[in-house]
Trainee: 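Below is a structure I'd like to ask you about.
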Number of protein chains: 2
Amino acid sequence: MRRRTRDDWTAAALEALADGGLAAVAIEPLAARVGATKGSAYWHFPNREALVTATLERWERDHTEAVIDMVEAEGGDPATRLRRLFGAVLDPAHGPHVELALLSTSDDPLVAAAVSRVNERRIGYLARLLGQLGFARAQARRRAVLAYSVYLGQAQLMRATPGVLPQGKAARRAHLDDVLTTMLAAPV
Amino acid sequence: MRRRTRDDWTAAALEALADGGLAAVAIEPLAARVGATKGSAYWHFPNREALVTATLERWERDHTEAVIDMVEAEGGDPATRLRRLFGAVLDPAHGPHVELALLSTSDDPLVAAAVSRVNERRIGYLARLLGQLGFARAQARRRAVLAYSVYLGQAQLMRATPGVLPQGKAARRAHLDDVLTTMLAAPV
DNA sequence: TCACCTCCATACGGCACCGTATGGTGCTGT
DNA sequence: ACAGCACCATACGGTGCCGTATGGAGGTGA
């Protein structure tokens with residue numbers, strides 16, 4: 001790979017973001033990572049902020065719309081989709097969670113905006129699924145927030161203290177079952 | 001305040017940690033914050049790492065044991081305690097959540113260790129409460145992980161996108177009711 | 001083949017933070 | 001009142017990252 005493209009840089013930035021936080025999206029370390037020098041980076045991007053912005057846009061595309069599209073594409077009734085969704089995103093193989101690195105750095109205005117858009121999008125999608133399952137409008141919204149909170153919290157635990165989460169295949173399945181039946185429990 | 005004590009520094013560090021992440025726990029900015037110079041900091045602590053360690057220890061004391069003690073002290077049956085616990089920690093006034101700043105930086109070994117201890121402690125306490133409510137051992141543990149995930153996720157949302165959470169007093173109460181009945185729903 | 005444009009390496013100045021060295025100030029005991 | 005110590009300010013060198021300037025290498029069209 002003699003020459004780098006813009007996407008090469010955002011790809012490397014996403015990796016760095018996942019396991020080093022926003023601070024790790026730094027031109028000079030990234031340059032070393034991709035086997036180039038700053039000269040290349042400052043050719044494709046005017047400054048660090050532009051690289052961060054482009055990386056966040058890429059994350060929004062790849063990690064939100066892609067997942068929703070996948071769940072929708074395979075069809076099935078809403079309950080099946082919900083199970084597939086949670087089965088996918090709660091899976092340890094779901095990879096290093098970029099959102100964790102971001103939600104923490106949400107004091108940064110660029111990050112805050114991107115995170116807000118993604119959160120709204122996901123919760124809205126969950127609320128829609130729950131509405132199709134018979135929950136009233138306000139109730140569906142509450143459960144969507146709750147379900148999304150479960151996802152976020154679980155993601156944090158997966159990274160920080162994986163030991164507290166169920167380990168074996170059977171245990172994970174029992175856990176997923178419990179999560180779903182809990183989230184779908186009838187209201188008061 | 002002419003002279004500073006060790007606790008003055010960890011207090012300032014906790015504040016900085018809450019709204020700037022671990023990176024904000026930096027000697028020189030903190031010195032400006034407390035109205036002193038680096039000289040003072042490096043007298044009380046051999047280096048930055050020692051300050052970070054002391055700050056994390058203080059956080060473990062103040063933000064874990066204190067909350068559990070408060071919940072236990074006021075008595076009541078397990079269900080009441082659980083409600084009081086969630087009512088407290090899900091309250092927006094619960095303050096800037098240090099854990100969010102930490103869970104993100106959990107690649108740092110010091111932080112990872114502290115966070116793991118706190119997570120285990122809290123989940124263990126939740127599992128105990130749930131056990132007293134009649135859940136079988138494994139089931140109680142699953143629900144404890146789930147409940148703690150809800151807390152973590154909710155805390156993230158509160159910071160990142162407060163708009164998605166219920167706003168009014170009544171709405172917040174309805175949300176809390178729903179969270180509790182959901183978490184306590186009978187298993188399959 | 002030669003001019004040109006794209007992409008990049010190298011070298012530089014600047015800033016923020018770390019950690020050290022050293023001297024100074026005010027309290028404390030005697 | 002003076003010695004000694006606890007506490008702190010000041011000044012310095014070192015490091016990692018940002019952003020700029022500039023020249024050079026390799027492909028492309030006439």
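In what follows, chains carry the letters A, B, and so on, assigned in the order in which the sequence lines appear, proteins first and then strands, with residues in each chain numbered from 1.
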Trainee: Listed in order of residue number, which residues of residues 46-53 of chain A have a non-hydrogen atom at under 4.0 Å from DNA chain D?
Mentor: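 The answer is A/N47, A/R48.
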
Trainee: Go through the structure and list residues passing side chain to side chain donor-acceptor pair (under 3.5 Å) with A/Q167, not counting sequence neighbours.
Mentor: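 Partners of A/Q167 by the side chain to side chain donor-acceptor pair (under 3.5 Å) criterion come out as none, since no residue qualifies.
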
Trainee: Contact list please: residues 20-33 of chain A against DNA chain D, heavy atoms, distance less than 4.0 Å, in numerical order.
Mentor: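 Going residue by residue through residues 20-33 of chain A, the ones with a heavy atom under 4.0 Å of DNA chain D turn out to be A/A26, A/I27, A/E28, A/P29.
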
Trainee: Taking only residues two or more places apart in sequence, or in another chain, which ones meet A/Y151 in a side chain to side chain contact (heavy atoms under 4.5 Å, CB included)?
Mentor: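 With neighbours one apart ignored, the set is A/V89, A/L90, A/H94, A/H97, A/E99, A/R122, A/Y148.
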
Trainee: In chain order, what residues pass the ring-ring contact (aromatic ring centres under 6.0 Å, His included) check against B/F86, with sequence neighbours excluded?
Mentor: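 Result, ring-ring contact (aromatic ring centres under 6.0 Å, His included) vs B/F86: none returned.
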
Trainee: Would you mind writing out the side-chain donor-acceptor pairs for residues 140-147 of chain B within the sub-3.5 Å range, not counting sequence neighbours?
Mentor:
{"unit_1": "B/R142", "atom_1": "NH2", "unit_2": "B/Q139", "atom_2": "OE1", "d": "2.8"}
{"unit_1": "B/R143", "atom_1": "NE", "unit_2": "A/D178", "atom_2": "OD1", "d": "3.4"}
{"unit_1": "B/R143", "atom_1": "NE", "unit_2": "A/D178", "atom_2": "OD2", "d": "2.9"}
{"unit_1": "B/R143", "atom_1": "NE", "unit_2": "A/T182", "atom_2": "OG1", "d": "3.3"}
{"unit_1": "B/R143", "atom_1": "NH1", "unit_2": "B/M183", "atom_2": "O", "d": "2.8"}
{"unit_1": "B/R143", "atom_1": "NH1", "unit_2": "B/A185", "atom_2": "O", "d": "2.6"}
{"unit_1": "B/R143", "atom_1": "NH2", "unit_2": "A/D178", "atom_2": "OD1", "d": "3.0"}
{"unit_1": "B/R143", "atom_1": "NH2", "unit_2": "A/T182", "atom_2": "OG1", "d": "3.1"}
{"unit_1": "B/R143", "atom_1": "NH2", "unit_2": "B/A185", "atom_2": "O", "d": "3.1"}

Trainee: Polar-atom pairs under 3.5 Å, protein N or O versus N or O of nucleotides 4-10 of chain D: list them with distances, or write none.
Mentor:
{"unit_1": "D/dC8", "atom_1": "OP1", "unit_2": "B/R4", "atom_2": "N", "d": "2.3"}
{"unit_1": "D/dC8", "atom_1": "OP2", "unit_2": "B/R4", "atom_2": "O", "d": "3.4"}
{"unit_1": "D/dC8", "atom_1": "OP2", "unit_2": "B/S40", "atom_2": "OG", "d": "3.0"}
{"unit_1": "D/dC8", "atom_1": "OP2", "unit_2": "B/H44", "atom_2": "NE2", "d": "2.9"}
{"unit_1": "D/dA9", "atom_1": "OP2", "unit_2": "B/T37", "atom_2": "N", "d": "2.7"}
{"unit_1": "D/dA9", "atom_1": "OP2", "unit_2": "B/T37", "atom_2": "OG1", "d": "2.5"}
{"unit_1": "D/dA9", "atom_1": "O5'", "unit_2": "B/T37", "atom_2": "OG1", "d": "3.3"}

Trainee: Show me the pairs that pass salt bridge (charged side-chain N to carboxylate O under 4.0 Å, His left out) and involve residues 179-188 of chain A, at least two apart or across chains.
Mentor: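 Listed by first then second residue: nothing to list.
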
Trainee: Is B/R33 paired with B/E15 through a side-chain N to carboxylate O contact shorter than 4.0 Å?
Mentor: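 Salt bridge between B/E15 and B/R33, a charged N being under 4.0 Å from a carboxylate O: yes.
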
Trainee: Among residues two or more places apart or on two chains, list those pairs meeting salt bridge (charged side-chain N to carboxylate O under 4.0 Å, His left out) that have a residue in residues 163-175 of chain B.
Mentor: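 Listed by first then second residue: B/D91-B/R172.
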
Trainee: For B/R58, which residues count as a side chain to side chain donor-acceptor pair (under 3.5 Å) partner, sequence neighbours excluded?
Mentor: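 Checked B/R58 against side chain to side chain donor-acceptor pair (under 3.5 Å); matches are B/T10, B/D62.
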
Trainee: Looking at residues at least two apart in the chain, or sitting in another chain, which of them share a side chain to side chain contact (heavy atoms under 4.5 Å, CB included) with B/T80?
Mentor: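 B/T80 satisfies side chain to side chain contact (heavy atoms under 4.5 Å, CB included) with B/D77, B/R84 once adjacent residues are dropped.
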
Trainee: Please list, one pair per line, the donor and acceptor atoms closer than 3.5 Å that link side chains of residues 44-54 of chain A to other protein atoms, with sequence neighbours excluded.
Mentor:
{"unit_1": "A/H44", "atom_1": "NE2", "unit_2": "A/R4", "atom_2": "O", "d": "2.8"}
{"unit_1": "A/N47", "atom_1": "OD1", "unit_2": "A/E49", "atom_2": "N", "d": "3.4"}
{"unit_1": "A/N47", "atom_1": "OD1", "unit_2": "A/A50", "atom_2": "N", "d": "3.0"}
{"unit_1": "A/R48", "atom_1": "NE", "unit_2": "A/V25", "atom_2": "O", "d": "2.7"}
{"unit_1": "A/R48", "atom_1": "NH2", "unit_2": "A/L22", "atom_2": "O", "d": "3.1"}
{"unit_1": "A/R48", "atom_1": "NH2", "unit_2": "A/V25", "atom_2": "O", "d": "3.4"}
{"unit_1": "A/T53", "atom_1": "OG1", "unit_2": "A/E49", "atom_2": "O", "d": "2.9"}

